[in-house]
Asks: 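Structure incoming, see below.
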2 protein chains.
Amino acid sequence: MSPSHIHVPTDCRTVTEILSRVGDKWSVQVVVQLGEGPKRFNELRRLVTGISQRMLTLTLRGLERDGLVTRTVYPTIPPRVDYQLTDLGCSLLKTVRALGDWAIQNRDEILAARRRFDEAGVSDFERERSDAA
Amino acid sequence: MSPSHIHVPTDCRTVTEILSRVGDKWSVQVVVQLGEGPKRFNELRRLVTGISQRMLTLTLRGLERDGLVTRTVYPTIPPRVDYQLTDLGCSLLKTVRALGDWAIQNRDEILAARRRFDEAGVSDFERERSDAA
DNA sequence: CCGTATCCTTAGCGATACTG
DNA sequence: CAGTATCGCTAAGGATACGG
């Protein structure tokens with residue numbers, strides 16, 4: 001029995017590792033698309049704009065490995081493969097959407113902060129430069 | 001006036017960009033530590049195990065740029081710099097914790113799925129190999 | 001104490017070409 | 001259609017050394 005009330009390093013590692021999946025370039029977008037219902041490979045490829053065939057494959061494999069999507073092969077000709085969110089995948093989608101909502105709600109504030117920071121940085125630079133002038 | 005009810009690509013980009021901050025290797029850990037209260041540079045360095053000085057600097061700069069933390073310099077000798085979560089940073093922390101809780105709650109299921117997937121992959125391999133034998 | 005600058009290694013990703 | 005294989009680039013990150 002593992003003591004779940006104390007904060008073991010192992011937990012941090014695992015959490016970080018799982019978080020990094022959310023942070024990678026494509027996983028979230030794929031999961032969001034699959035949230036609309038099962039999709040075929042090339043269907044996803046069209047929906048997730050900009051993704052390469054290679055990265056779609058790798059992303060789907062990763063999600064499948066973690067038990068977030070299922071992969072169903074219909075041995076027809078031409079072949080047809082359906083990807084679909086598992087219950088686990090659905091629950092992740094919900095949590096991730098919360099983060100997405102946060103991002104949308106605070107997007108303006110963040111962008112404003114960035115502009116302020118960048119301008120301040122520039123003017124610090126400019127100060128030195130104009131001291132010389 | 002931007003139509004906020006339709007799903008413009010720009011929004012996706014911004015959301016993805018902000019999500020990538022959560023996914024990067026150190027930001028979340030730093031934010032979590034700062035959730036305990038203001039911290040000094042080397043204090044954070046000790047708390048966030050494994051982070052290099054360089055990456056702590058870069059991470060803090062990024063967070064500061066996005067308006068998630070404030071940086072306060074006390075021009076004493078030796079110098080002292082305090083980092084502290086802004087309101088925006090606190091609200092991010094809350095949302096991120098939800099994701100962290102999800103990760104903890106589903107960690108066993110994910111790890112189990114991974115083992116299954118990996119073993120299945122191996123046995124597919126093994127099938128070919130033992131066919132030859 | 002709090003950084004910055006430099007070098008170097010790896011991991012992520014895209015482009016392209018090929019296969020069942 | 002749904003992939004795999006290979007190559008090459010670039011961005012992220014670690015180690016180390018130096019500076020205010």
Side-chain angles (χ1 to χ4, degrees), chain A residues 13 16-17 19-30 33-34 38-66 69-84 117 120-121 124-125 127-128 131, chain B residues 13 16-17 19-30 33-34 38-66 69-84 117 120-121 124-125 127-128 131:
Chain A
R13 308 267 189 102
T16 300
E17 191 193 348
L19 252 49
S20 76
R21 157 156 311 298
V22 169
D24 85 7
K25 201 174 178 183
W26 302 110
S27 289
V28 166
Q29 293 185 61
V30 169
Q33 290 302 333
L34 288 177
K39 300 264 178 295
R40 302 179 54 174
F41 186 87
N42 278 333
E43 202 173 351
L44 282 170
R45 195 138 110 86
R46 278 187 299 274
L47 289 166
V48 181
T49 45
I51 196 170
S52 64
Q53 192 170 28
R54 172 187 147 81
M55 285 317 295
L56 181 54
T57 302
L58 290 181
T59 302
L60 287 169
R61 285 292 177 284
L63 294 171
E64 189 194 358
R65 186 169 109 98
D66 285 1
V69 311
T70 57
R71 177 172 180 273
T72 316
V73 183
Y74 302 96
T76 59
I77 191 160
R80 172 202 178 108
V81 180
D82 270 29
Y83 291 92
Q84 162 168 218
F117 185 91
D124 277 2
F125 259 7
R127 175 134 25 145
E128 295 173 22
D131 277 1
Chain B
R13 307 267 188 103
T16 300
E17 191 193 351
L19 251 50
S20 76
R21 157 156 312 298
V22 168
D24 85 8
K25 202 174 179 184
W26 302 111
S27 288
V28 167
Q29 293 185 61
V30 169
Q33 290 302 331
L34 288 177
K39 299 265 178 293
R40 302 180 53 176
F41 187 86
N42 279 332
E43 202 173 351
L44 282 170
R45 196 139 111 87
R46 278 188 300 275
L47 290 166
V48 181
T49 45
I51 196 170
S52 63
Q53 192 169 25
R54 173 186 144 83
M55 285 316 294
L56 181 54
T57 302
L58 291 180
T59 302
L60 287 169
R61 284 291 177 283
L63 294 171
E64 190 194 357
R65 185 170 108 99
D66 285 1
V69 312
T70 57
R71 177 172 180 272
T72 316
V73 182
Y74 302 96
T76 60
I77 193 163
R80 172 202 178 109
V81 181
D82 271 30
Y83 292 92
Q84 159 168 221
F117 184 90
D124 278 0
F125 258 6
R127 176 135 23 145
E128 297 174 22
D131 277 0

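Reckoned from all heavy atoms, side chains included, excluding hydrogens, waters and symmetry mates. Chain identifiers are assigned alphabetically (A, B, ...) following the order of the sequence lines, protein sequences preceding nucleic acid strands; residue numbering begins at 1 within each chain.
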Asks: Under a criterion of less than 4.0 angstrom to any heavy atom of chain A, what are the 5'-terminal and 3'-terminal contacting nucleotides of DNA chain D?
Replies: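 Reading along DNA chain D, I get D:dC1 to D:dT6.
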Asks: State which residues pass salt bridge (Lys or Arg N to Asp or Glu O under 4.0 Å) with A:Glu17; sequence neighbours excluded, sorted by chain then number.
Replies: B:Arg114
Asks: Mind checking what makes salt bridge (Lys or Arg N to Asp or Glu O under 4.0 Å) contact with B:Arg45, not counting sequence neighbours?
Replies: none
Asks: I'd like to check the salt bridge (Lys or Arg N to Asp or Glu O under 4.0 Å) partners of B:Arg71; sequence neighbours left out, ordered by chain and number.
Replies: none
Asks: Between the two ends of the helix from C:dC1-D:dG20 to C:dG20-D:dC1, what is the bend in degrees, rounded to 10 degrees, where each end axis spans five pairs?
Replies: 40°
Asks: Using side-chain contact (heavy atoms from CB on, under 4.5 Å) as the criterion, list what pairs up with B:Thr76, not counting sequence neighbours.
Replies: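 Expected list: B:Tyr74, B:Arg80.
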Asks: Is there any side chain to side chain donor-acceptor pair (under 3.5 Å) pair reaching into residues 50-61 of chain B, and which pairs are they, with sequence neighbours excluded?
Replies: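 Of all non-adjacent pairs touching residues 50-61 of chain B, none passes side chain to side chain donor-acceptor pair (under 3.5 Å).
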Asks: Test of understanding: with salt bridge (Lys or Arg N to Asp or Glu O under 4.0 Å), list the residues that count as partners of A:Arg40, not counting sequence neighbours.
Replies: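 With neighbours one apart ignored, the set is empty.
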Asks: Between the protein and nucleotides 5-12 of chain C, which nitrogen or oxygen pairs come in under 3.5 angstrom?
Replies:
none

Asks: Using the side-chain contact (heavy atoms from CB on, under 4.5 Å) criterion, which residues pair with B:Pro38? Sequence neighbours excluded.
Replies: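 Here the qualifying residues are B:Asp82, B:Gln84.
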Asks: With a 4.0 Å heavy-atom cut-off, tell me which residues in residues 72-82 of chain A come close to DNA chain D, sorted by residue number.
Replies: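 Residues of residues 72-82 of chain A under 4.0 Å from DNA chain D: A:Pro78, A:Pro79, A:Arg80, A:Val81.
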Asks: List for me each residue that meets side chain to side chain donor-acceptor pair (under 3.5 Å) alongside A:Arg65, sequence neighbours excluded, and say none if there are none.
Replies: B:Asp118
